[in-house]
Structures are given as C-alpha cells and as structure tokens.
There are 2 protein chains.
Amino acid sequence: MMQTNNYKNNKKNIPKATIGRLSIYHRCLDLLIETDSGREKDTISSAEISKLTGGISPDQIRRDLAYFGEFGKRGVGYPINELSAILKSILGSSKKWDIIIAGAGNLGKALLRYRGFQKRGFIIKAAFDSDDSKVGNKVNGVKIISANQMEDYIKEHNIRIGIITVPVEFAQEVADHMIAGGIVSILNFAPTTLKYPAYVKLNNIDISIELERLVYFLASRKNIRIK
Amino acid sequence: MMQTNNYKNNKKNIPKATIGRLSIYHRCLDLLIETDSGREKDTISSAEISKLTGGISPDQIRRDLAYFGEFGKRGVGYPINELSAILKSILGSSKKWDIIIAGAGNLGKALLRYRGFQKRGFIIKAAFDSDDSKVGNKVNGVKIISANQMEDYIKEHNIRIGIITVPVEFAQEVADHMIAGGIVSILNFAPTTLKYPAYVKLNNIDISIELERLVYFLASRKNIRIK
DNA sequence: TAGATTGTTAATCGATTAACAATC
DNA sequence: TAGATTGTTAATCGATTAACAATC
C-alpha cells in the first residue's frame, strides 16, 4: 500500500554512489535510444553499457541494477526501452519536480538558462534575489522575485527542492528560510559549510574544492600514490 | 631531491575523499583567522575544527592530517596559522595555477566572474568560444579567444588545467584539443561521458546528476534505507 | 544443445570509527 | 601532577571486484 513502485527498493543497503551511477546509465541509454535507431537488437548487455559509460565495469552495473530487481534475462541482456523507463522511475524523474533558485547572479542565471533541467523533469518555478533592480525581470521565462517573499512562496507552492547560488555570507540565512518554508532537498553552490536539520538532504557543489582536488594531483604527481 | 615539500606524502595510501576534506579544513581555518581576531589561543583542537566543519568527526580530521605528518602537539592541539599554511601547501594552492575555460556561455561567464578562484591561486588566463560574435570581448578582464586557437594557446602558455563548459555535443572534441595541447587536469561541466588517456585527471560536475541524487531521496523517503 | 549473460555469493579492497597509549 | 589531546593500532563498516551457478 505504501509501495509506489514495482521494483524492490526497501530491503537492501544501497551504496550512495550507486544512485549517481544510475543517472549515468540512464543518460547513456537515452542517448542510445535517440541516436542509434538502426540497432538490430532491442536488448543490451552489461558489457555494452559498460562501454557506453566509458569505465564503469559490467560487474558494477549488474550489481547496481540488481539492488532494485531482476530486469535482465540471462544469456540475453536488458531490454533497452524498459530499462530506461525503470531507471527513470527509480530516479524519480518520471515525476515532475518544482524547484526554486535563490540568487540570480551569474551562476543563478546560468542555471536558469540550463537546458538539462526540463528534460529530467525539473521545473524552475521562480528565482529569488535581494537586489531590487533585478526583481521583476524574467530570465528564460522565469520570474525573479524579491528574496523576502521566498519563504511564503515555498509554502504557497509547496516547493520541496531549492538551489542556493547566493554569496557565502547569505547562504546560511537563505538555507534557513528555505527549510522554514518546507524545502527538504537543497543543492548548495555557496562555498561554505551550512547547518541544517537531519531530515534535510543537502548536497554541496564547490567548484574551488573540485579544482583543488585536481591540482593536488598535479602538485604531487611524482611523489605520491593515491588509492 | 625529488622531495618538494617538507611533509610526508609518499608512504601511505591516501583516500580520495581526504583531499576534499583538506580543502574544507583549509577553508574553515582561513575563515577563523580572518574573523576571530580576538581569539586567545593560537592553537585549535580536532574537536574544535570538527565544529567548524559542522559534521566531520575529530577522529576523521586527525586521521586525515596524520597522513601527511605530525602537525599537532598532544594535549595542546594544532597551531592555527601553521596548519593553514601546511594545508595550503599540501593542496598546492601556495603555487599559482594558470587555467583556461572552454565555452563562454552562461556557465562559462559565471565562472569567469567567480571570485573564489583568485583567492585559491587560480588565474584564468583566457576563455575560448567558437561564436565569433563573442570573440574579442572581455569578461571580468579575461579575453575571449577563438576556439580554434585554443590548442596553440595552451602550448604557448604551458597551461595544465582546463574547464569545459561547452554544450555536450562539443565536449569530447574540446577535451581532445585540450589534451593535445598539454592539459592534464580537466574539470568538465558538460553532462556526458568523456574519453581521455589514463595520465589525464578529469573530474565531472554534473548538475543534473546532483539533482537526481537529491530527488532520489525525496522520491523514496519512506520505503528505503540508504547506508 | 552450446554460448551468452545475468544475478548473487564470496573474497577483496578501501575508508571510517573506536579506543587508547603516548605525551604535551 | 592531572587533564587534554594527539597519532596510531585495531575493529568495524561499506563498496567493489571476482567468480560462478543459474538459466535464457
């Protein structure tokens, strides 16, 4: 009765990294479906998916899929269209998700114009900024609203997902307002550590940290061995 | 003779995640140094750093630091300024790193204006775009150059780090040119799987995948347990 | 049937956490 | 000295890889 999907997902401990890889499989299959119309088989083996992903092993792929059910046939492979639909369903992108963006600066605007969202079922409902000169403008059809209306907007429209692209010094305050409004999933681009209650899911994307990780390998290429 | 730093770093297997955490410690210490001028002690314990990071355990912090040397005093803690300098050195940001950006679209422009780079020792030398109407313009003081000059520019200026913000369909081609020019570290924002030789280090930042990971938790909040 | 390929068990590898002796 | 806190060893936990029986 509580079960909303027809794949098993409540018995095993699923590694976090698996979810990210499912997105990759989904992306690769969709690309295959779009481009390779002359394909003779309508199934695909884990070995073939492995090649599409360019690095993830067939073992890993079978293991990841097996967490959610038995989608393949032994000796045959996985049905391409069906598997794509299953992944879509697992990842939740068969639903539509309303999101908001806090901060209509350079990064915020870049996200507002990002084409990948709609395809994956994400709909940007509004952007918020404290700069009055921006308020009222539209970017890519999305209205920029005054920051102090954000919390009410979230409540009124029942938004669950927010993206933070404000400067570091406002990030905590913005996160607090989001959570107070009812948002439970946050993607944070501000390079700082935010506090939030345990029931909220928050992922950080910190471009500086990514760059420093890269540079670490450059700096110590010769005298270090990383696992 | 090959040893360029005075901290040990060539004996142990260092988890990849450690490097990302070192960046966080560094950021927290720098913030402390900047803001807390009235602090009485010039040392800090792992427990205190833990609080600043908002979640990383003291055990984890000591373990991470211990991979590189013995920087603290038992019963006392770590010298703040010294530790910050050590982290900076480990992370390579005591050096200056020249970088280029391929793609001067919305995201590329956002990065060109991103203030965090300079502080961490990253200098954007140039941006490249195939759109002639953009070529010659400057964004935040950085010149936009024609894409077909990129490879030569990399060679001439001996650039080692590149950021890809071009659309998916050009990303592989751009990566190939970067690598041909001599770039060995790439941060890729294009949501696709790129091929590259083993000596190149490439990190992906895929906003869709991050959002899908968040949504996965939303979608299955009630009937799944994630490790 | 024989070959292919899954799904899963067992083995390995890697990372984190707990605990505590060392020592400031 | 006694209390604090590191650095490290051992234990645990988590994720990946190898291998193969099941089966299409």
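Lettering of chains follows the sequences in order, A, B, ..., and the numbering in each one begins at 1. Please read all numbers here as calculations on a predicted model, not as lab measurements. Below, each value reflects all heavy atoms present in this structure, side chains not excepted, and no hydrogens, waters or symmetry copies.
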**Touch class at under 4.0 angstrom, heavy-atom based, for Thr18(B) against every strand present** = nothing
**Message:** Taking pairing as Watson-Crick or G-U wobble with both contacts under 3.5 Å, can you name the mate of dT6(C), or confirm there isn't one?
**Reply:** dA21(D)
**Gap between atoms CD1 and P, on Ile14(B) and dT8(D) respectively (whole Å)** = 14 Å
**salt bridge (charged side-chain N to carboxylate O under 4.0 Å, His left out) partners of Arg113(A), counting only residues at least two apart** = none
**Asked** For atom NZ of Lys73(B), is the number of surrounding heavy atoms from other residues, nucleotides or ligands below 6.0 Å larger than 12?
**Response** no
**Shortest non-hydrogen contact from Ser84(A) toward Ile33(A)** = CB-CD1, 3.9 Å
**Message:** It should be established whether Arg21(B) places a side-chain nitrogen or oxygen under 4.0 Å from OP1 or OP2 of nucleotide dT16(C).
**Reply:** yes
**Message:** Can you measure Leu65(B) atom CG to dT5(D) atom P for me and round it to whole angstrom units?
**Reply:** 16 Å
**Asked** For the pair made of CD1 in Ile19(B) and P in dT16(C), what is the distance, rounded to whole Å?
**Response** 11 Å
**Message:** Test your reading of the model: is there a side-chain donor-acceptor pair from Ser50(A) to the backbone of Gly55(A), 3.5 Å cut-off?
**Reply:** no
**Asked** How long is the line joining CG of Asn13(A) and C1' of dG14(D), in whole Å?
**Response** 9 Å
**Message:** Return the pairing partner of dT12(C) with a 3.5 Å limit on both distances, Watson-Crick or G-U wobble; otherwise return none.
**Reply:** dA15(D)
**Prompt:** For the pair made of CD in Glu48(B) and P in dT5(D), what is the distance, rounded to whole Å?
**Reply:** 9 Å
**Message:** Tell me if the NZ atom of Lys119(A) is crowded by more than 12 foreign heavy atoms within 6.0 Å.
**Reply:** no
**Request:** Ignoring the backbone of Ser45(B), work out which of dT6(D), dT16(D), dT17(D) is nearest its side chain.
**Result:** dT6(D)
**Asked** Do any side-chain nitrogens or oxygens of Tyr78(B) fall under 4.0 Å of OP1 or OP2 in dG7(D)?
**Response** yes
**Prompt:** Do Arg39(B) and Ile44(B) have side-chain heavy atoms sitting under 4.5 Å apart?
**Reply:** yes
**Request:** Could you check how far OH of Tyr67(A) sits from P of dT6(C), rounded to whole Å?
**Result:** 17 Å
Extract from the structure each pairing of a protein N or O with an N or O of nucleotides 20-22 of chain C at less than 3.5 Å, listing the distance.
unit_1  : atom_1 : unit_2   : atom_2 : d
dA22(C) : N3     : Arg74(B) : NH1    : 3.0

**Item:** Distance below 4.0 Å between Ser46(A) side-chain N/O and dT5(C) OP1 or OP2
**Value:** no
**Asked** Just how far, in rounded Å, is P of dT16(D) from CD1 of Ile56(A)?
**Response** 10 Å
**Item:** Rounded distance (Å) that lies between atom C1' of dT5(C) and atom CZ of Arg63(A)
**Value:** 16 Å
**Complete:** Between Tyr25(B) and the options Ile56(B), Leu91(B), Leu52(B), the side chain to side chain contact (heavy atoms under 4.5 Å, CB included) test singles out Ile56(B)
**Request:** May I ask you to verify if any side-chain N or O of Gln60(B) is less than 4.0 angstrom from the OP1 or OP2 atom of dA15(C)?
**Result:** no
